[in-house]
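When a ligand or atom number is given, it counts from 1 through the structure's own listing order. Model, not experiment: these values are computed from the prediction.
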Amino acid sequence: MKFFLDTADIAEIKTGIAWGVVDGVTTNPSLYAKVGGSYEELLKEICGLTKGPVSAEVIADDADGMVAEGRAFAKIASNIVVKVPMTTAGLEAISRFKAEGIKTNCTLIFTANQGLMAAKAGASLISPFVGRLDDISEDGMTVIRELAEIFQHYDDLDHCEILAASIRHPRHVTESALCGAHVATMPLKVLEQMTKHPLTDKGIAQFKADWSKAKGGK
Ligand code: E4P
């Protein structure tokens, strides 16, 4: 399973990459707004930090506008993936990007049918938003589970990977992995939380104490 960092913060990306578990990065306009500056320069820097896919999101509502924005992003680096919202215009843009050999990540997926449509249009990644569904008392993981099951039935969807997005906590990652998501994108905080257990901390403290006792003879 692949892990992406869901952030536009360079320091966070460097930290996660140093841990050796980061396979790519997803950004969106809200994450970019937290850091500011030039989006293009930021994307160039992120693409220099990881060889993995780096999602850059378009803002236009119409297919022509999305394609124009996405083509410009794709020129920044070969690992750019153009992030396109799930709309009919988005589907058209995805199919045009596919014809041009530009990879896409269809974002704002909240149903299995939306994911299926995006995969059929040619998206290389589809992003069901688990946390935002949980936020409105729906079960976000159901969408991941349904899509993973659908993908098992059809070889013609093999070009596309299920990317569990809007991850809020480590349990979302475990459940996404169990359901068969190919990728989970998460904030650095969640990636770090995944390393934690109180018994690990207790065990380290105990080993240190015993080591000191043995060495000090007490
Ligand atoms: C990533 O591709 C998504 O844009 C992101 O995971 C959304 O997360 P949020 O629901 O926490 O904003």
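Considering both main-chain and side-chain atoms, S127 never comes within under 3.5 Å of ligand 1 through any nitrogen or oxygen pair. Annotation: E57 places no N or O atom under 3.5 Å from an N or O atom of ligand 1; distance criterion only. In terms of polar-atom proximity, defined here as any N/O pair under 3.5 Å, S166 does make such a contact with ligand 1. At under 3.5 Å, a nitrogen or oxygen of K83, whether backbone or side chain, sits near a nitrogen or oxygen of ligand 1.
Between F151 and H182, the ring planes are tilted. Angles from 30° to 60° get that label.
The closest protein non-hydrogen atom to atom 12 (O) of ligand 1 is R132 NH2, 2.7 Å. For atom 6 (O) of ligand 1, the closest heavy atom belonging to the protein is D6 OD2, 2.5 Å. Here the heavy atom of the protein found nearest to atom 4 (O) of ligand 1 is N28 ND2, 2.7 Å.
Between E41 and K44 there is a salt bridge, with a side-chain nitrogen of the basic residue lying less than 4.0 Å from a carboxylate oxygen of the acidic one. Ionic pairing of D64 and R96 is present here: one or more N-O contacts between side-chain nitrogen and carboxylate oxygen are shorter than 4.0 angstrom.
L91 and I109 fall within the same hydrophobic cluster, defined by Ile, Leu, Val, Met, Phe, Trp and Tyr side-chain heavy atoms under 4.5 Å apart, directly or through other members. A chain of hydrophobic side-chain contacts below 4.5 Å, direct or via other Ile, Leu, Val, Met, Phe, Trp or Tyr residues, connects V67 to I94.
The distance from ligand 1 to the heavy atoms of F129 drops below 4.0 Å at these ligand atoms: 3 (C), 4 (O), 7 (C).
Screening T107, T185, N105, T26 for a side chain to side chain donor-acceptor pair (under 3.5 Å) involving S55 leaves a single residue, N105. The one candidate from L188, I13, L191 that meets the side chain to side chain contact (heavy atoms under 4.5 Å, CB included) condition with V22 is L191.
Heavy atoms of R168 come nearer than 4.0 angstrom to ligand 1 in at least one pair.
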